[in-house]
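Because only heavy atoms are used, hydrogens play no part in the values below, and waters and symmetry mates are left out as well, while side chains stay in. Quick note on labels: first sequence line is chain A, next is B, and so on, each numbered from 1.
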Protein chains: 2
Amino acid sequence: MDSSQFRQAAHSAIDEIAQYYDTIAERPVLPNVAPGYLRPLLPDGPPEEGEEWTEIQADIDRVIMPGITHWQSPKYMAFYPCNSSFPAMLGDMYSGAFNAAAFNWICSPAVTELETVVMDWIAKLVGLPDCYLSKGEGGGIIQGTASEVVVTAIVAARERIIRRRLADMPEGEEKLDRMAEMRGKLVALGSEHAHSATQKGAIIAGTRFRTVPAPEETGFRVTGAALRKTIEELRVKGLEPFYFTATLGSTAHCAVDDLEGIAEVAKENPDVWIHVDAAYAGSALVCPEYQHFCKPMEHYDSFNFNLHKWLLVNFDCSAFFIKRRRDLIDTYSIAPSFLRNEFTDKGLVTDYRDWQIPLGRRFRSLKVWFVLRSYGVNGLRAFIRNHVSLGEYFEGLIRSRPDLFTVVTKAAFALTTFHVNPRPGSPVSTSANAPNPAHEAYLNDFTNSAEAEYRASANEITKHVYETINAQREFFLTSAVTGGIYIIRVVSATPNAEEKYLKQLFELLVKTAEEGLAVPSADIPTRK
Amino acid sequence: MDSSQFRQAAHSAIDEIAQYYDTIAERPVLPNVAPGYLRPLLPDGPPEEGEEWTEIQADIDRVIMPGITHWQSPKYMAFYPCNSSFPAMLGDMYSGAFNAAAFNWICSPAVTELETVVMDWIAKLVGLPDCYLSKGEGGGIIQGTASEVVVTAIVAARERIIRRRLADMPEGEEKLDRMAEMRGKLVALGSEHAHSATQKGAIIAGTRFRTVPAPEETGFRVTGAALRKTIEELRVKGLEPFYFTATLGSTAHCAVDDLEGIAEVAKENPDVWIHVDAAYAGSALVCPEYQHFCKPMEHYDSFNFNLHKWLLVNFDCSAFFIKRRRDLIDTYSIAPSFLRNEFTDKGLVTDYRDWQIPLGRRFRSLKVWFVLRSYGVNGLRAFIRNHVSLGEYFEGLIRSRPDLFTVVTKAAFALTTFHVNPRPGSPVSTSANAPNPAHEAYLNDFTNSAEAEYRASANEITKHVYETINAQREFFLTSAVTGGIYIIRVVSATPNAEEKYLKQLFELLVKTAEEGLAVPSADIPTRK
């Protein structure tokens, strides 16, 4: 394909992409394919001779489109959003054109330098304390995903505590033995509602992992007291807590840990690395009304949020801020001769490869820069506030039918969670409006109690409603089970989200719940 | 930006990108900027109100282009290439349009299923043994970079040996203690010429790391005997080697380890995970004349190469093949309730998130599919063979001036390494054409010897020539120091590489070397 063929092919692709966005709301959000649908549509291997672009492009519609889940649809309300935007796509186009494995400054100075500048822009935009700016000892880096960031932080935290404790030991076998012994005692911590990335990160780092309780009484939040208690209990057992993920917007409920209380624990325990994972909700910090959450972070070690979730930068783009960049570099820096150059050696430039696990890097700051400039600060704030309002609107709809639905957690960062009430005749819950974190044990231990019967019945009908709606493919929702309670999560935060789609969903929820409640439990089909 | 503004902006961006490629050979490959050039060109933060695309696009030329290293230039001959192609860019455009954090099958079935199919295509194309195909117990996954793959393999290897050894122990604190103790004894291995990714991977995994000797006598290759000896020596010390990176194309010389000999060691040591890192040279396996390297891999555990280096797929795209996918899943799988769905639970679909460190995934198989189809098998083979021929052509040029240059390693996978001969009057090297791996020690220990004097003089002038050429920014080369020898590496393997550029470089090398040799050593400016 030469450059004039590329012009033609790319113009045609752009038109198809624009057309796709123009019609996305009309498509069922979930695809209608069974596992294995794609292989029979393709030959067994690549063609011997090259094919024309027109043949290839035609296969987008034939092979790919039927298997796409439309994350940009306004009817996508599952997980958390993964929003794209046209300016970000333009950024990725240029990034692809300047294609490079930009592992150090000389590999393309613009890649490193634009990243440092836009990360400082972001830090100021969300109101992070100054210690996270590049002008001092900190700074920001773009990594792929929050899960990658969490591993990066856990491993750096593991090595930091070992370096500090063994600073006086001479290098050698004896020190390696002592380091190994120390690693064996380390424990990484996260809320019981933290994203599974922390647990997986601990596996990768080869350390132990424990959860910190975050019961319903505290709004599913880890308090400073709970964290302190867990740390003390572990120390009594001879173990060494070295890392904690504080959550700003938990996966199931979008709960925010007690960041101020945790800051006190951080001050008391300088060797425990505190990382704030704000993967989804962090984007809301562009609005001043949320920035009070950032104040305590001056006592923490690192912070990240995914611009690819709620801030219109195409996947992947997780902004990772670190208070002392040396905490990363001391773990991740290796400088073999082929990577050495005068600029790095003189310490004049940032080599982001030493702040991360992989070596090579893409030019991701371009898309961030384009988005920040295209929307402007006010545009981004309006974008977030619109979704927050939509969340409140939806919570209101759910509350308008207390006969059918119970709100479990009220609208937070555009997410509402609720369950369907059990069929008439079920016992009245003693805590119908206040789910109890002990429910799971309750269900197991007291299966004859009224409370357990209520919960079992509610869970059954909620699951039925959830599965029925997803099976229709018109809307895509997610469920979760926390504390024994089966909940439906609704978060409508795609760029083209509107009240009318939430209204449509609400009507479908009412209809599905009413129909489900009208038939005997035994007639409800179960999906596995 | 609405979809019609996007059409207009994107068409304009495409034209600019096509124009960039049409003129790339005329640009100096290295940028003429000093560290810190970019920040003064930008404001201190994002604008309050959004800007028009025309303003943003104009800044590509003003802010970005001056700081770009042109990796796609035919005068880029540094590191290894990172080749882009127009079909791959089209793939990334659609991937951006279908933007999703595709962490499991239901998140977009096409993302998972196309990846499985094209990875099978690649496995067949490069002649991997059938055990790496998805139809059995193996399969392929796209990860970002070779360094990410190597960490993924090391951590999985670490957990595999522990699982095997402690299979009979009941879960609990005692097992956790025993696991920690075992991890403390583990040693990851790589050639002394292996990419630093293995050493960094061992740091991340929290294990020890040792190199296996690969001296010049064996062509900088690790032999089966050397690996066996290292394993045995470590066991005598009570340590447990659990992982080895075999290199197919080392960073400095593009040397290939003794893959058949290593296969014998693999058979004797089933608990030592053998991974083949073919990051750059692996692309040559599309040509049948190189596929004999793949045969021994049936005895190995995993293999990867970077399609983003030499196979025209834009960065990033590392193809990682695994013989027993359970070896990854048993380490990386965590299934919290919000990630569960009927398809995964039934085992009908592949959840690639369980084969990797991060959770989310991009739709990278699209660009691979487009490249394979646009070039066809024959097109890709012709592409590789052209570069291999260019390498031989360049080696011939260097050999045509034995008065000035000495080939250190002959053209291998398009890479030639050489040094400049010392100034007249220097002692004659006893091993001028056969560099000695003991040189570094030699230089340190016998600084008065003739050999050391020869080497010091050759290193000085070679460094001078290398730095002078890069400082002119017309060509971009890399140097390396191995075994005390300062070498210049030349690899011309970008899509528009041609003999004429190698001829130009050669003439510049001759001129620079002659000028450098004509002046006294003291007059050569040293760069730091």
Side-chain angles (χ1 to χ4, degrees), chain A residues 1 3 6-7 10 14 17-18 21-22 35 38 45-51 56 64 67 69 71 82 84 86 89 92-93 96-97 99-101 108-110 113 121 145 147-148 155 180 183-184 196 200 204 206 314 334 336-338 348-349 358-360 372-377 379 480-481, chain B residues 1 3 6-7 10 14 17-18 21-22 35 38 45-51 56 64 67 69 71 82 84 86 89 92 96-97 99-101 108-110 113 121 124 145 147-148 155 180 183-184 196 200 204 206 314 334 336-338 348-349 358-360 372-377 379 480-481:
Chain A
M1 187 182 285
S3 68
F6 171 65
R7 275 176 214 255
I14 291 298
I17 288 166
Y21 276 79
D22 286 342
L38 188 142
E48 288 298 306
E49 302 299 334
E51 296 176 69
I56 299 170
I64 303 302
T69 300
W71 283 59
C82 184
S84 66
F86 292 131
M89 288 184 218
D92 270 342
M93 282 164 55
N99 194 51
S108 237
E113 299 205 7
W121 284 16
T145 62
S147 48
E148 182 183 340
V155 169
R183 281 193 201 100
S196 54
K200 186 164 171 176
I204 291 163
N314 280 45
I334 290 183
S337 67
F338 66 90
L348 289 175
V349 297
L359 176 65
L372 293 175
R373 294 182 63 178
S374 296
Y375 285 83
V377 174
V481 183
Chain B
M1 188 182 285
S3 68
F6 170 66
R7 276 176 214 254
I14 291 297
I17 289 167
Y21 276 78
D22 286 344
L38 188 141
E48 288 299 304
E49 301 300 332
E51 296 176 69
I56 298 169
I64 302 302
T69 300
W71 284 58
C82 183
S84 66
F86 293 131
M89 289 185 217
D92 269 342
N99 194 53
S108 237
E113 299 206 7
W121 283 17
K124 289 185 223 168
T145 63
S147 48
E148 181 183 340
V155 170
R183 282 193 201 102
S196 53
K200 186 164 172 176
I204 292 163
N314 279 44
I334 291 183
S337 68
F338 65 90
L348 289 175
V349 297
L359 176 64
L372 293 175
R373 292 182 64 178
S374 295
Y375 286 83
V377 174
V481 182

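With sequence neighbours left out, the ring pair (Phe, Tyr, Trp, His ring centres under 6.0 Å) criterion links A:Tyr375 to no other residue.
Proximity to chain B is limited to the side chain of A:Thr145, based on heavy atoms less than 4.5 angstrom apart. The part of B:Lys124 that comes within reach of chain A is its side chain, from C-beta onward, which places non-hydrogen atoms under 4.5 angstrom from that chain. Using a 4.5 Å cut-off between heavy atoms, B:Arg7 contacts chain A through both its backbone and its side chain. Contact annotation for A:Val155: only side-chain heavy atoms (C-beta onward) come within less than 4.5 Å of a heavy atom of chain B.
Of the listed residues (A:Gly50, A:Ala180, A:Pro358), the one with the most heavy-atom contacts under 4.5 Å to chain B is A:Gly50. Taking B:Glu148, B:Met89, B:Glu48 one by one and counting their heavy-atom pairs under 4.5 Å with chain A, the maximum is reached by B:Glu48. If you tally non-hydrogen atom pairs under 4.5 Å between each of B:Cys82, B:Ser147, B:Ser374, B:Pro46 and chain A, the highest count goes to B:Pro46. Note on B:Gly379, B:Gly184, B:Gly360: by heavy-atom pairs under 4.5 Å with chain A, the leading option is B:Gly360.
Shown here for B:Ile17 and A:Met93, the closest heavy-atom pair between the two residues is CD1-O, 3.6 Å. The minimum heavy-atom distance between A:Met1 and B:Phe86, with the atom names listed, is O-CD1, 3.3 Å. The two residues B:Gly96 and A:Ser84 have their closest heavy-atom pair at O-CB, 4.2 Å.
Looking at B:Ser108, its side chain does come within 3.5 Å of a backbone N or O of A:Thr69 through a donor-acceptor pair.
For the atom pair CG (B:Asn99) and CG (A:Asn314), the distance works out to 4.0 Å, reported to the nearest 0.5 Å. The CG atom of A:Asp22 lies 3.5 Å from the OG atom of B:Ser3; values are rounded to the nearest 0.5 Å. Separating the CD atom in B:Glu113 from the CD1 atom in A:Ile64 is a distance of 10.0 Å, to the nearest 0.5 Å.
No side-chain heavy atom of B:Pro109 sits under 4.5 Å from any side-chain heavy atom of A:Leu38.
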